[in-house]
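Structure first, commentary second.
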Amino acid sequence: MRLRELMDQVKNLPPDTLVCAAEIDEAFGANIAGIETIDSARIESRKPDGTEAVELANGNDKVVVIRW
């Protein structure tokens with residue numbers, strides 16, 4: 001998912017809406033501890049298949065990481 005796609009999905013929500021993180025098909029979400037922008041990530045896959053797809057170092061890609 002790109003930041004543009006995320007922003008399009010949440011553009012009509014109130015600004016005080018809670019953001020959480022959850023795995024696919026989970027019944028509960030976790031509160032977010034922080035959001036980090038990384039400039040030296042390496043994207044290995046863009047498939048949303050539940051596998052680790054981004055190495056957070058050793059690359060030239062910019063990613064946003066939601067930590068929980």
Side-chain angles (χ1 to χ4, degrees):
M1 173 178 278
R2 301 268 182 176
L3 184 56
R4 177 182 302 122
E5 295 167 323
L6 176 62
M7 291 172 57
D8 284 343
Q9 290 184 24
V10 300
K11 66 183 173 191
N12 295 321
L13 293 176
D16 62 340
T17 301
L18 180 67
V19 177
C20 65
E23 295 180 34
I24 295 174
D25 296 330
E26 280 292 317
F28 294 91
N31 288 329
I32 293 173
I35 297 176
E36 181 180 359
T37 302
I38 297 177
D39 295 322
S40 59
R42 184 166 56 118
I43 297 172
E44 297 183 9
S45 172
R46 294 188 183 273
K47 294 180 185 177
D49 59 5
T51 61
E52 290 184 356
V54 179
E55 183 179 353
L56 300 180
N58 302 320
N60 297 313
D61 297 306
K62 182 178 282 195
V63 298
V64 173
V65 178
I66 297 174
R67 304 248 188 218
W68 53 281

Can you check whether Lys62's main-chain N or O pairs, donor with acceptor, with Asp39's side chain at less than 3.5 Å? no
Rounded to the nearest 0.5 Å, what separation is found between the [atom1] atom of [X] and the [atom2] atom of [Y]?
{"X": "Glu23", "Y": "Trp68", "atom1": "CD", "atom2": "CH2", "result": "5.5 Å"}
{"X": "Ile38", "Y": "Glu55", "atom1": "CD1", "atom2": "CD", "result": "10.5 Å"}
{"X": "Gln9", "Y": "Arg4", "atom1": "CD", "atom2": "CZ", "result": "13.5 Å"}
{"X": "Ile35", "Y": "Ile66", "atom1": "CD1", "atom2": "CD1", "result": "5.0 Å"}
{"X": "Glu26", "Y": "Cys20", "atom1": "CD", "atom2": "SG", "result": "11.0 Å"}
{"X": "Leu56", "Y": "Arg42", "atom1": "CG", "atom2": "CZ", "result": "11.0 Å"}

Is there a chain of hydrophobic side chains (I, L, V, M, F, W, Y, each step under 4.5 Å between heavy atoms) that links [X] to [Y]?
{"X": "Val65", "Y": "Ile32", "result": "no"}
{"X": "Leu13", "Y": "Leu6", "result": "yes"}
{"X": "Met1", "Y": "Leu3", "result": "yes"}

More than 12 heavy atoms of other residues, nucleotides or ligands under 6.0 Å from CG of Asp25: is that the case? no
Do other residues, nucleotides or ligands put more than 12 heavy atoms under 6.0 Å from the CG atom of Asp8? yes
Are the side chains of Val63 and Thr37 in contact, using a 4.5 Å heavy-atom criterion? no
So do Val19 and Asn31 actually touch side chain to side chain, heavy atoms under 4.5 Å? no
